[in-house]
Amino acid sequence: MPQNAREIWPDAIPVSEMEIYKFDLNGFIIVKGALSPEEVAACNQTIDDYQDMKTGEWRGWVHGHDYGGNEGLNLQQVYESGPAFEKFIDHPSWVAKVQHFVNGGNFDHHHGPMYIDENFASIRRYGQSIGLHSGGQDTCIRTQFKEKNGNFYCCQVNVLVALNDIGPGDGATMCIPSSHKANFMHPQVEAYRMSQGESKSMDGIEGAIEVHLDAGDALIFVDSLMHGSAARINEGQRRISVFRYGASWSRSRHGYRPSPELLERLNPQARLVVEPRHQDLLPPHVEQHDYSAREKHIN
Ligand SMILES: O=C(O)CCC(=O)C(=O)O
Ligand SMILES: [Fe+2]
């Protein structure tokens, strides 16, 4: 039976009517104070331990990664870095809101309520930024916005959490409000679009706003919103994390797999969000959760 967010996470903070209105209208909402100062401090302590990682390096199950331009370091699979980020998986400040936007109640619940297809912390330094990407005229299904008869069916609803204050000059996330519904290409898109090996930002593009956040605030947005960031022109680091939630039939964006230890530790609902397909329908001679056996079987 399909369940709604309230049944799955009774203690989570529900989505409000105003949030539903704004998310539909603008493509994003901001949850002020989603993390307590103690939670923010714990995240920063964790990042302190990983900030010297290089692209391609593994530390435990955390992977150093970048987008190939001037976007800074991503600590992929950050939910493997310890309790500070592990609790993001089903954090009560946003999990029920996100689930509402991902799925208004359809058969995806057979695999679980939703799925995290990417999770990372991002460290950006002086001069770094991310160029423009996404937008409603984009044909990407994976990041789509959809609403019908009062239910949402969005793929990739992102929870971007500020881990320090992000104001003017800090390289704030930028977006063009309502662009998830755009039917026409932004006329300036080519000059600002994120591209491999190039340093791009959204500074100066018409119609965009900077989303200034205090440490602990969460920006929840559908990925089809046209977005990117300003360039960081202040010293120091901009620290955020991004958890992307989508339909339970989705796959890891980059191909990462959760560690057996993490799966073992998680509560049943959080586990389903990390690995929705928790039970494979296999012939009796193939062991459940034996990935190599499964792959041999499939290939
Ligand atoms: O770094 C930023 O501010 C934007 C992040 C972004 O593009 C995303 O989370 O999809
Ligand atoms: Fe993005």
Side-chain angles (χ1 to χ4, degrees), residues 15 19-20 22-31 34 65 67-69 71 74 76-79 88-89 94-95 97-104 108 113-122 129-148 151-162 172-183 185-186 189 192-195 200-202 205 207-211 213 217-229 240-256 273 276:
V15 69
E19 287 171 326
I20 289 171
K22 287 183 175 173
F23 184 83
D24 176 64
L25 182 70
N26 296 323
F28 70 91
I29 55 170
I30 294 169
V31 180
H65 166 266
Y67 287 124
E71 295 88 8
N74 296 329
Q76 289 281 354
Q77 295 295 91
V78 73
Y79 60 31
F88 278 35
I89 294 165
W94 59 74
V95 74
K97 300 177 197 291
V98 171
Q99 207 273 333
H100 187 84
F101 298 135
V102 167
N103 198 315
D108 293 337
M114 51 186 181
Y115 172 60
I116 295 172
D117 79 340
E118 185 177 21
N119 70 100
F120 63 99
S122 149
S129 57
I130 188 166
L132 171 76
H133 52 286
S134 293
Q137 83 302 324
D138 199 327
T139 52
C140 183
I141 297 292
R142 189 180 185 117
T143 62
Q144 68 157 2
F145 172 84
K146 184 174 175 184
E147 183 282 335
K148 202 170 169 60
N151 290 322
F152 290 92
Y153 305 92
C154 297
C155 293
Q156 273 206 353
V157 175
N158 303 326
V159 179
L160 185 156
V161 180
T173 302
M174 293 180 73
C175 71
I176 299 188
S178 306
S179 53
H180 60 306
K181 293 182 176 174
N183 292 314
M185 188 67 88
H186 192 298
V189 75
Y192 295 88
R193 197 201 294 273
M194 181 184 183
S195 66
K200 294 285 189 81
S201 80
M202 273 181 77
I205 191 168
I209 59 162
E210 281 196 22
V211 183
L213 300 169
D217 293 349
L219 166 67
I220 301 180
F221 65 104
V222 63
D223 197 82
S224 61
L225 186 71
M226 189 171 263
H227 66 280
S229 85
I240 62 164
S241 69
V242 177
F243 277 52
R244 305 192 199 280
Y245 298 79
S248 61
W249 41 259
S250 193
R251 299 282 285 174
S252 163
R253 178 180 180 191
H254 301 287
Y256 296 116
V273 175

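These figures come from a predicted structure and were not determined experimentally.
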Is the backbone of [Y] close enough, under 3.5 Å, to the side chain of [X] for a donor and an acceptor to pair up by distance?
{"X": "Asn26", "Y": "Pro177", "answer": "no"}
{"X": "Ser229", "Y": "Ile130", "answer": "yes"}
{"X": "Ser129", "Y": "Lys200", "answer": "yes"}
{"X": "Gln144", "Y": "Tyr153", "answer": "yes"}
{"X": "Thr173", "Y": "Val211", "answer": "no"}
{"X": "Ser178", "Y": "Leu25", "answer": "yes"}
{"X": "Trp249", "Y": "Pro276", "answer": "no"}
{"X": "His180", "Y": "Asp24", "answer": "yes"}

Output the distance between atom [atom1] ([X]) and atom [atom2] ([Y]), rounded to the nearest 0.5 Å.
{"X": "Met194", "Y": "Leu132", "atom1": "CE", "atom2": "CG", "result": "10.5 Å"}
{"X": "Ile116", "Y": "Ser250", "atom1": "CD1", "atom2": "OG", "result": "11.5 Å"}
{"X": "Tyr245", "Y": "Gln99", "atom1": "OH", "atom2": "CD", "result": "11.5 Å"}
{"X": "Ile220", "Y": "Trp94", "atom1": "CD1", "atom2": "CH2", "result": "8.0 Å"}
{"X": "Glu71", "Y": "Ser122", "atom1": "CD", "atom2": "OG", "result": "9.5 Å"}
{"X": "Leu225", "Y": "Phe145", "atom1": "CG", "atom2": "CZ", "result": "10.5 Å"}

Could you tell me whether the side chain of [Y] reaches within less than 4.5 Å of the side chain of [X], counting heavy atoms only?
{"X": "Glu19", "Y": "His100", "answer": "no"}
{"X": "Ile209", "Y": "Cys175", "answer": "yes"}
{"X": "Val273", "Y": "Pro113", "answer": "yes"}
{"X": "Asp138", "Y": "His133", "answer": "no"}
{"X": "Met185", "Y": "Gln137", "answer": "yes"}
{"X": "Phe101", "Y": "Val222", "answer": "no"}

Non-hydrogen atoms of [X] and [Y] that approach each other most closely:
{"X": "Ala218", "Y": "Val161", "answer": "CB-CG2, 4.1 Å"}
{"X": "Cys154", "Y": "Phe23", "answer": "SG-CE2, 4.0 Å"}
{"X": "Val95", "Y": "Ile89", "answer": "CG2-O, 4.2 Å"}
{"X": "Glu210", "Y": "Ala172", "answer": "OE1-CB, 3.7 Å"}
{"X": "Ala247", "Y": "Val102", "answer": "N-CG1, 4.0 Å"}
{"X": "Tyr115", "Y": "Ser248", "answer": "CB-CA, 3.9 Å"}

### Message
Between Val157 and Met114, does the side chain to side chain contact (heavy atoms under 4.5 Å, CB included) criterion hold? Intermediate values first, please.
### Response
CA-CA 10 Å; Val157 175; Met114 51 186 181; over 6 Å; no
### Message
Checking side-chain polar atoms at under 3.5 Å, does Asn119 have a donor or acceptor matched by the opposite partner on Gln77?
### Response
yes
### Task
Check whether more than 12 heavy atoms from other residues, nucleotides or ligands sit under 6.0 Å from atom NZ of Lys22, and answer yes or no.
no
### Task
Please list, chain by chain and in numerical order, all residues satisfying salt bridge (Lys or Arg N to Asp or Glu O under 4.0 Å) with Asp117, sequence neighbours excluded.
Arg142
### Check against side chain to side chain contact (heavy atoms under 4.5 Å, CB included), Val159 and Lys97
CA-CA 10 Å; Val159 179; Lys97 300 177 197 291; over 6 Å; no
### Query
Does His227 have its ring centroid less than 6.0 Å away from the ring centroid of Phe221?
yes
### Task
Decide yes or no on side chain to side chain contact (heavy atoms under 4.5 Å, CB included) for Leu160 and Leu213, but give the supporting numbers first.
CA-CA 10 Å; Leu160 185 156; Leu213 300 169; 4.1 Å; yes
### Message
Ring-plane angle category for Phe243 and Phe88, please: parallel below 30°, perpendicular beyond 60°, tilted otherwise.
### Response
tilted
### Message
Would you call the rings of His254 and Tyr67 parallel, tilted or perpendicular, taking 30° and 60° as the class edges?
### Response
tilted
### Query
Between His65 and Phe120, is a side chain to side chain contact (heavy atoms under 4.5 Å, CB included) present by the stated rule, with each step listed?
CA-CA 9 Å; His65 166 266; Phe120 63 99; over 6 Å; no
